[in-house]
Amino acid sequence: MTERGIHIRTCPLCEAMCGLEVHHDGAAVTLIRGNRADVWSRGYICPKGTTLGHLHHDPDRVRVPLVRNGAGTFAEASWEAAFERCGELIEAVRAEHEIEAMTVYFGNPVAHNYSISRYLGLLSELAGLTIYSAGTVDQWPKNVVAELLYGHAWRIPVPDIEHTDFMVVQGANPHTSQGSLMSHADVPGALDAVRQRGRVVVIDPRRTGTVGSEEEWLPIRPGTDALLQLAVVHVLFAEDLVRLGHLEDRLAGIEKVRRIAADFPPERVAGTCGTSAAAIRGLARDFAAAERAVWYGRIGTCTQEFGTLASWLPDVICALTANLDAVGGLMWPKPVAWSPVLQNWGGSRGFGRWSSRVRGAPEVLGQVPMSCLAEEIDTPGPGQVKSLLVVAGNPVLSAPDSGRLDAALPLLDCMISVDNAVNETSRHAHVILPGLSALEQPHCDDLLWTWATRSVAKWSPALFPPADDRPEEWEILTRLAFMFAGTPAESTDLAAFDDLYFSAWAEMGGVDPAVALAAAPSPGPERLIDLTIRTGPWGDRYGENPGGLTLERVKQAPNGIDMGAIVPRIDEVVLHAGGKVDLAPEHITSDVDRLAERLERTDESLVLVSRRHLRSNNSWMHNVPVLVSGKDRCTLLIHPDDAAAAGVADGAPATVRSSNGEIEVPVEVSDEMMPGVVSLPHGWGHDRPGTRQSVARQRPGVNSNLLAPPDFVDVPSGNAALNGIPVEVAPAG
């Protein structure tokens, strides 16, 4: 498309999935604003959504493959030459070490990508690669809880924010994040509506933008979230506030929960949490009294040393007050198009089926902690990782103990990055295979609708054509998967294989693959989208349900199709025998003894928590000038009392030291932090040599993950504990 006009699109940058009007003149984007006609977002947009044009036009964006030459620098290469080099590197590792020496890392952007999201499974299923991912950095406790309570790791209930009267937001800042594992357009506006109907309480060591007033803020010490939650459960039982309602015969383990909570009255935990017993009792009573209430915990509750317990108890609290699978409470979305991760896998996923080679970390849902990757690369011995594929990620900035990973990557015999930037991670690659910009490819979310508050379908066509000679992203992943599987790329018939892949999806959707193939002969992700819409709850099932939805019908509605708000559906979701929710699985409750020991610990040092900014998206949007302009946002937030005690001043540099390392960062004194807690943003540290991000290098900031100890994890899930890290703060120098 080269003419002047307005392109209707869904923003692919976060869970909000806002509708956009992309104004363009020829090959240039001239303006982006919210699409008021979008059935989902109705004109809402955040600052990041206005920058798709900047990302597309970024002169630093990688547009052709880069191959490391004999001098150790990158040279541009043709696609065939780049694939040939990938094949050479992979085959050399396979010949000497076999598949055990090969692994893959998936970054968060894969969940937002039209093509990659539907094909990345090939790298584990076809190629047999061990997976590392951002999941064990920011969300694995949620998956563990869903697996054990409901029988499926990805059937995670979400707050019905549209209809609740009382919302507890714990360890989350949706005013900035737009929601996480909760897809809703204009979350700040929705929270304001909840306040008008009832009340919002924010539990967080920082007074974030989500806090509407001082009366809403309940600050607690990082890592004590589960203690406060158990005390709330204690009050529910002790004061006869448990009301099961429609869940009367759907819950197992209630008495076990009662026995556990009996040992955690508010008076016992309040001092450790840094709040009062009266505040905890009042919160429990008000929550139980609300007609429609929901408890939402997210990043802060996941990324701590008791992340699984702190992710389990909000679901327990909602269940005990009849706010699970209830309007205004925690509910399961009903996506228009299904995602394979939500299908019934025919059995539970495992825990501890194998362990990591070096540390002996037990596997959880198929993965070990992300912090294990560095030691698996730099520790010699049988099974040492020699080959790494990184797909849409920058773990040198996002992984705990990232300094060790940065030092380990050059030791690899084969490193391939599928990425649009030469960033802190991909600078170590032997080959960089660029993906498409968001505007060069169609877009249709699937995974994010599984956590959405409404059932909506939207389709965005490509605006700009990609270069004629480049493969589509699904082809890149498929070719790489065959290489890792030991099949020469040149002998692979991608179209024939994709027919087999599509047929497997058709069987998952319960339709005859031959019928589905006849209706969609062209390979690639578009026919997968059509299949999942047609075999979804409102689909036409290839003619079995005349008048049902198809991708073509969705395409004819550029502003989207809204099938309504989420509804109770526990019978369809829970997979345990008898359809009962297991409120007290042993894998989770066995960690309560470790939590009780936390009560005996003396809190003498400052502790560090992370934060994000509305204009930032982890590490990959800092090369957009309009998003990083203005005041420095990579600062150490510290309470005035703590600043005075440490001898640091506003605007002056300070040294922050943990058991794992130290960094120097400017100080920002603010009473938005509770005493005893300091905060650094994540995703910064753009000062490494060899990167090609000219804007980011002008404001590099510091990498907070240099401070994160690799073995500081939540035990039941293996998730990194990036919040609650003990630190010392002193004037720099």
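Listed for the Thr51 side chain is a donor-acceptor partner under 3.5 Å among the backbone atoms of Lys48. At least one donor-acceptor pair closer than 3.5 Å links the side chain of Arg155 to the backbone N or O of Val573. The main-chain N or O of Arg541 is never found under 3.5 Å from a side-chain atom of Thr535 such that the two would form a donor-acceptor pair. Without hydrogens or angle criteria, Asp540 side chain to Gly547 main chain gives no donor-acceptor distance under 3.5 Å. One N or O on the side chain of Thr164 and one on the backbone of Gly328 form a donor-acceptor pair closer than 3.5 Å. Remark: the backbone N or O of Leu448 is paired with a side-chain donor or acceptor of Ser183 at under 3.5 angstrom. A donor-acceptor pair is defined here as one N or O able to donate and one able to accept, closer than 3.5 Å; no such pair exists between the side chain of Arg250 and the backbone of Lys580. Between the side chain of Asn719 and the backbone N or O of Val137, at least one donor-acceptor pair lies under 3.5 Å. For Trp140 (side chain) and Val364 (main-chain N/O), a donor-acceptor pair under 3.5 Å exists by modelled atom type. Proximity of a side-chain donor or acceptor of Ser503 to a complementary backbone N or O of Pro513 within less than 3.5 Å is not detected.
Gln139 and Asn143 are linked by a side-chain donor-acceptor pair at a separation below 3.5 angstrom, with hydrogens and angles left out of the test. A side-chain donor from one of Asp498 and Tyr119 sits under 3.5 Å from a side-chain acceptor of the other. No hydrogens or angles considered: nothing links the side chains of Tyr501 and Glu125 as a donor-acceptor pair under 3.5 Å. Between the side chains of Ser115 and Glu472, not a single donor N or O lies within less than 3.5 Å of an accepting N or O. A side-chain N or O of Thr453 and one of His184 form a donor-acceptor pair less than 3.5 Å apart. Thr425 and Asn394 are linked by a side-chain donor-acceptor pair at a separation below 3.5 angstrom, with hydrogens and angles left out of the test.
Using a 4.5 Å heavy-atom threshold, the side chains of Tyr114 and Trp474 count as separate. Here the side chains of Phe464 and His56 are in contact, with some heavy-atom distance below 4.5 Å. You'll find the side chain of Asn423 stays beyond 4.5 Å of the side chain of Trp620, heavy atoms only. For the pair Ile90 and Ile416, the minimum side-chain heavy-atom distance is below 4.5 Å. Pro340 has its side chain out of reach of Arg118: every pair of non-hydrogen atoms, C-beta onward, lies at least 4.5 Å apart. Using a 4.5 Å heavy-atom threshold, the side chains of Leu480 and Val391 count as separate. With a 4.5 Å cut-off on side-chain heavy atoms, Ser180 and Tyr296 count as touching. Inter-residue side-chain proximity for Val29 and Val22 is flagged as met; some heavy-atom pair is nearer than 4.5 Å.
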Inset, instruction - Begin from the C-alpha positions of Trp338 and Trp449 and carry the test ring pair (Phe, Tyr, Trp, His ring centres under 6.0 Å) through to its verdict. - result: CA-CA 9 Å; Trp338 53 269; Trp449 291 115; over 10 Å; no

Inset, instruction - Apply salt bridge (charged side-chain N to carboxylate O under 4.0 Å, His left out) to Arg454 and Asp562, showing your working. - result: CA-CA 7 Å; Arg454 300 189 68 82; Asp562 187 350; 2.8 Å; yes

Inset, instruction - Apply side chain to side chain contact (heavy atoms under 4.5 Å, CB included) to the pair Leu13 and His112, showing each step before the final yes or no. - result: CA-CA 7 Å; Leu13 298 179; His112 308 264; over 6 Å; no

Inset, instruction - Apply side-chain hydrogen bond (donor to acceptor under 3.5 Å, both in side chains) to Asp512 and Tyr542, showing your working. - result: CA-CA 9 Å; Asp512 185 344; Tyr542 293 94; over 6 Å; no

Legend entry - Step-by-step side chain to side chain contact (heavy atoms under 4.5 Å, CB included) determination, Val187 to Ile161: CA-CA 8 Å; Val187 174; Ile161 194 172; 4.0 Å; yes

Inset, instruction - Apply side chain to side chain contact (heavy atoms under 4.5 Å, CB included) to the pair Leu181 and Arg298, showing each step before the final yes or no. - result: CA-CA 8 Å; Leu181 293 181; Arg298 190 47 196 105; 3.6 Å; yes

Inset, instruction - Let me see the working for Lys142 and Glu147 under salt bridge (charged side-chain N to carboxylate O under 4.0 Å, His left out), right down to the final yes or no. - result: CA-CA 9 Å; Lys142 284 280 193 181; Glu147 174 70 32; over 6 Å; no

Inset, instruction - Please assess Val144 against Leu365 for the test side chain to side chain contact (heavy atoms under 4.5 Å, CB included), listing each intermediate value before the final yes or no. - result: CA-CA 8 Å; Val144 169; Leu365 302 177; 4.1 Å; yes

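The two residues Leu433 and Cys86 come nearest to each other via the heavy atoms CD1-SG, 4.1 Å. Contact between Ala319 and Leu583 at its shortest, heavy atoms only, is CB-CD2, 4.0 Å. Closest heavy-atom contact between Trp40 and Met17: CD1-O, 3.3 Å. For the residue pair Arg534 and Ala519, the shortest heavy atom distance occurs at NH1-CB, 4.2 Å. Between Ile432 and Ser426, the shortest heavy-atom distance links the atoms CD1-O, 3.6 Å. Counting all heavy atoms, side chain and backbone alike, Leu342 lies closest to Pro335 at CD1-CG, 4.3 Å.
Between Asp38 and Arg42 there is no salt bridge, since no side-chain nitrogen of the basic residue lies less than 4.0 Å from a carboxylate oxygen of the acidic one. A salt bridge links Glu440 with Arg61: the closest approach of a Lys/Arg side-chain nitrogen to an acidic carboxylate oxygen falls below 4.0 angstrom.
Note that NE2 of His152 is 10.0 Å distant from CD1 of Ile156, once rounded to the nearest 0.5 Å. Taking CG from Leu148 and OG1 from Thr308, the interatomic distance works out to 9.0 Å, rounded to the nearest 0.5 Å. Atoms CG and CG, on Leu149 and Leu324 in that order, are 8.5 Å from each other to the nearest 0.5 Å. To the nearest 0.5 Å, atom CG of residue Asn420 and atom CG of residue Leu436 are 7.5 Å apart. Here the straight-line distance linking atom OG1 of Thr550 with atom CG of Asn545 works out to 11.5 Å at 0.5 Å rounding. Within the model, atoms CH2 of Trp332 and CG of Asp571 stand 10.0 Å from one another, a figure rounded to the nearest 0.5 Å.
Geometrically, Lys334 engages Trp538 in a cation-pi contact defined by less than 6.0 Å to the ring centre and at most 45° from the axis.
Between His587 and Phe351, the ring planes are tilted. Angles from 30° to 60° get that label.
Aromatic rings of Phe497 and Phe482 (six-membered ring for Trp) have centroids within the 6.0 Å cut-off, being under it.
More than 12 heavy-atom neighbours from other residues, nucleotides or ligands sit within 6.0 angstrom of CZ on Arg569.
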